[in-house]
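The structure under discussion appears below in the form of structure tokens.
Keep in mind it's a predicted model, so treat the numbers as computed, not measured. Below, all heavy atoms of this structure are taken into account, side chains as well, without hydrogens, waters or symmetry copies.
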Amino acid sequence: MINPIPLFGMGLGGKSRNVSDQLLTNLYREIQPEGEKYRMAIYPTPGLSLFTSFGEEPIRGWWQVGTLIYAVHRNQLYSINNAGVRTALGTLGTSTGRCDLSDNGAQVIVVDGPNGYIFTISGATFAKIADADFPGATTVTFLGGYFIVSKPDSGQFYISGLYDGTAWDALDFATAESNPDELIRVFADGGQLMLFGDKTTESWGNSGAADFPFAIIGGAASEWGLAARWSLAKFDNSVMFLRKNRLGQVQIAKQAGYASVAVSTPELDNRINAYSAVSDATAFSYMLDGHSFYQINFPTADESWLYDGLSNAWQKVQSGTGRHRANLQLNLLDSPYVADYENGNVYRFSDDEYTDAGAPIAREMTCRHISTGDWTVFEELWIEMEAGVGLSSGQGENPQIMMQVSKDGGHTWGNELWVPFGKIGEYRKRAVWRRLGRSRDWLFRFRVTDPVNTVFVNAWGRIGG
């Protein structure tokens with residue numbers, strides 16, 4: 001008798017394969033409402049289609065205002081319209097390193113560490129901030145009519161003139177006060193100014209004072225700091241980031257009020273803290289079909305991880321065999337775009353695209369352990385998928401799915417067994433494997449590399465003694 005097999009789970013392997021080796025790669029889960037045919041479906045993450053390209057070097061930073069993207073590439077600021085047309089706007093004094101951007105409605109500010117620059121939108125003019133009181137800046141944000149910047153290698157932040165990024169006063173600064181740690185990033189969220197230090201985080205509000213309008217909010221300091229400057233991103237109604245404190249290890253956390261709450265699991269923490277470096281991590285967030293996603297990239301480890309706020313689950317995303325190509329993300333006219341970490345490519349980010357700009361996407365699922373405590377024989381296993389999704393011609397015309405079996409807890413794997421799961425219109429096609437042998441513990445891995453819609457629905461099997 002064929003029975004459902006509980007292969008699909010919510011876990012993530014990490015500390016011990018024998019406990020769990022679960023992993024989704026370029027896939028994500030969606031829990032279905034009560035009364036639906038199945039309780040979980042597994043869908044493909046978005047693919048990439050080329051939108052425009054700056055050439056070899058990656059984009060250093062970007063920002064969206066109205067119908068344009070403002071992007072820094074090498075030592076130039078460009079605008080990009082929704083047709084992908086690039087226009088050079090001005091020249092920076094540096095050509096490498098991450099830049100931060102913001103706007104006040106009339107001006108776009110760019111900071112690159114030693115300098116700041118203002119692009120005036122109405123007059124299309126670009127100029128270095130000439131005010132001698134400008135302190136230099138590693139990060140910038142906007143709140144209450146003021147640009148706010150973090151002074152490099154200090155705990156200080158400065159504010160601009162009211163709606164004027166060209167005007168700065170040497171006395172218009174304050175210091176993050178709860179601890180004497182370095183200020184890593186300034187960030188505005190929910191009408192408050194968040195000051196992320198190396199080991200602590202503070203929240204400041206606009207007091208309306210005439211001399212300096214920002215003041216610390218009492219009781220709003222947290223003993224967690226920012227472990228990677230560019231890991232901070234808006235997420236849902238809050239922010240997410242890679243955090244650390246004086247205890248040493250790092251976690252991925254979501255801000256909840258004035259406290260941060262870990263969302264990374266012990267298994268993921270175990271993986272991340274084994275990396276040789278994490279301070280170079282980058283992150284962004286986006287929404288897809290009601291899911292709020294946060295993607296964090298670890299360049300040194302060459303890995304990327306994706307958090308789904310709807311299912312509260314983690315999965316891996318990758319391009320080829322390394323980290324995912326997307327490094328920066330923003331929306332233009334309600335469409336998401338991402339910038340490549342390795343070159344100057346800009347991509348549309350779409351769940352209707354099943355390649356990474358023509359390169360195959362391997363979608364892989366390592367499932368839950370199936371263990372009965374005694375010897376069992378798998379006479380037959382079939383995976384229920386959205387079948388009949390084959391293409392009219394070329395790769396994907398007869399899409400295939402691969403299965404491997406591990407009978408020793410995920411330490412070694414058997415041969416790759418490929419079967420088709422449906423040419424175009426073959427909606428009743430099933431991916432079936434038979435005579436799989438015997439074991440006390442079963443672990444299954446599935447992979448699809450064809451550029452088709454890959455949706456897993458359920459698993460069924462016939463098990464004997």
Side-chain angles (χ1 to χ4, degrees), residues 61 63-66 100-111 116-121 129 131 133-152 154-226 229 232-241 243 253-261 285:
W63 192 255
Q64 175 266 326
V65 181
D100 204 12
L101 292 82
S102 189
D103 80 280
N104 62 11
Q107 300 169 325
V108 176
I109 186 172
V110 181
V111 299
Y117 310 84
I118 296 294
F119 177 75
T120 304
I121 297 173
I129 297 174
D131 195 320
D133 290 336
F134 181 72
T138 50
T139 65
V140 61
T141 192
F142 173 80
L143 182 65
Y146 301 92
F147 286 126
I148 304 157
V149 300
S150 53
K151 181 181 178 180
S154 77
Q156 298 175 343
F157 66 96
Y158 284 70
I159 66 171
S160 70
L162 188 63
Y163 288 100
D164 187 1
T166 66
W168 299 81
D169 190 318
L171 300 179
D172 280 343
F173 78 94
T175 303
E177 300 171 348
S178 64
N179 269 276
D181 52 345
E182 180 183 345
L183 182 56
I184 304 299
R185 191 166 180 185
V186 293
F187 201 83
D189 184 67
Q192 295 181 355
L193 175 62
M194 303 181 72
L195 304 177
F196 287 86
D198 181 52
K199 297 180 179 64
T200 60
T201 302
E202 298 177 10
S203 292
W204 289 51
N206 194 327
S207 67
D211 54 347
F212 190 82
F214 294 98
I216 191 170
I217 299 172
S222 168
E223 292 294 321
W224 288 94
L226 188 59
R229 175 174 288 137
L232 178 65
K234 286 185 179 290
F235 178 80
D236 211 355
N237 294 319
S238 185
V239 296
M240 283 185 63
F241 57 100
R243 72 177 187 177
K254 180 169 65 174
Q255 196 73 10
Y258 298 125
S260 62
V261 178
S285 63

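When each of Leu193, Ile216, Leu183 is checked for a side chain to side chain contact (heavy atoms under 4.5 Å, CB included) with Glu202, only Ile216 meets the rule. Checked options Leu101, Asp103, Ile129; the residue passing with Ile109 is Ile129 (criterion: side chain to side chain contact (heavy atoms under 4.5 Å, CB included)). Across Tyr158, Phe134, Phe147, a single residue satisfies ring pair (Phe, Tyr, Trp, His ring centres under 6.0 Å) together with Trp168, and that is Phe134.
Atom OH of Tyr146 is separated from atom CZ of Phe212 by 9.5 Å, given to the nearest 0.5 angstrom. Once rounded to the nearest 0.5 Å, the distance linking CG of Leu195 with CH2 of Trp204 reads 6.5 Å. Separating the OG1 atom in Thr175 from the CD atom in Gln156 is a distance of 4.5 Å, to the nearest 0.5 Å. To the nearest 0.5 Å, atoms CG (Asp198) and CZ (Arg229) are separated by 10.0 Å. Atom CG of Asp133 is separated from atom OG of Ser160 by 12.5 Å, given to the nearest 0.5 angstrom. Taking CE of Met240 as the reference point, atom NZ of Lys234 lies at 14.5 Å (rounded to 0.5 Å).
Nearest heavy-atom pair, Ser203 versus Gln192, reported as atom, atom and distance to 0.1 Å: CB-OE1, 4.0 Å. In plain terms, the two heavy atoms of Ser260 and Ser222 that are nearest each other are OG-OG, 4.3 Å. Of all heavy-atom pairs spanning Thr139 and Ile184, the tightest one is CG2-O, 3.7 Å. When all heavy atoms are compared, the tightest approach of Leu162 to Gly144 is CD1-O, 3.9 Å. Closest heavy-atom contact between Gly225 and Thr201: CA-OG1, 4.2 Å. A pairwise comparison of heavy atoms in Ala137 and Val149 identifies CB-CB, 3.5 Å as the closest pair.
Counting heavy atoms from C-beta outward, Arg185 and Asp100 have side chains that approach closer than 4.5 Å. Using a 4.5 Å cut-off on side-chain heavy atoms (C-beta onward), Pro135 and Phe173 make no contact.
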Evaluate the criterion side chain to side chain contact (heavy atoms under 4.5 Å, CB included) for residue pair Asn206 and Leu143; output intermediate values, then yes/no.
-> CA-CA 9 Å; Asn206 194 327; Leu143 182 65; 5.8 Å; no
Under the side chain to side chain contact (heavy atoms under 4.5 Å, CB included) criterion, do Thr200 and Glu223 qualify, and how do the steps go?
-> CA-CA 5 Å; Thr200 60; Glu223 292 294 321; 4.0 Å; yes
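Atom CG of Asp169 is surrounded by more than 12 heavy atoms from other residues, nucleotides or ligands within 6.0 Å.
Between Phe196 and Phe187, the angle of the ring planes goes over 60°, which puts this pair in the perpendicular group of the 30/60° scheme. Using a 30° and 60° split on the angle between ring planes, Tyr163 and Phe142 fall in the tilted class, from 30° to 60°.
Distance alone, capped at 3.5 Å, places no donor-acceptor pair between the Asp181 side chain and the Gly197 backbone. The main-chain N or O of Ser238 is never found under 3.5 Å from a side-chain atom of Asp236 such that the two would form a donor-acceptor pair.
Looking at Ser102 and Thr141, their side chains never bring a donor and an acceptor atom within 3.5 Å of each other.
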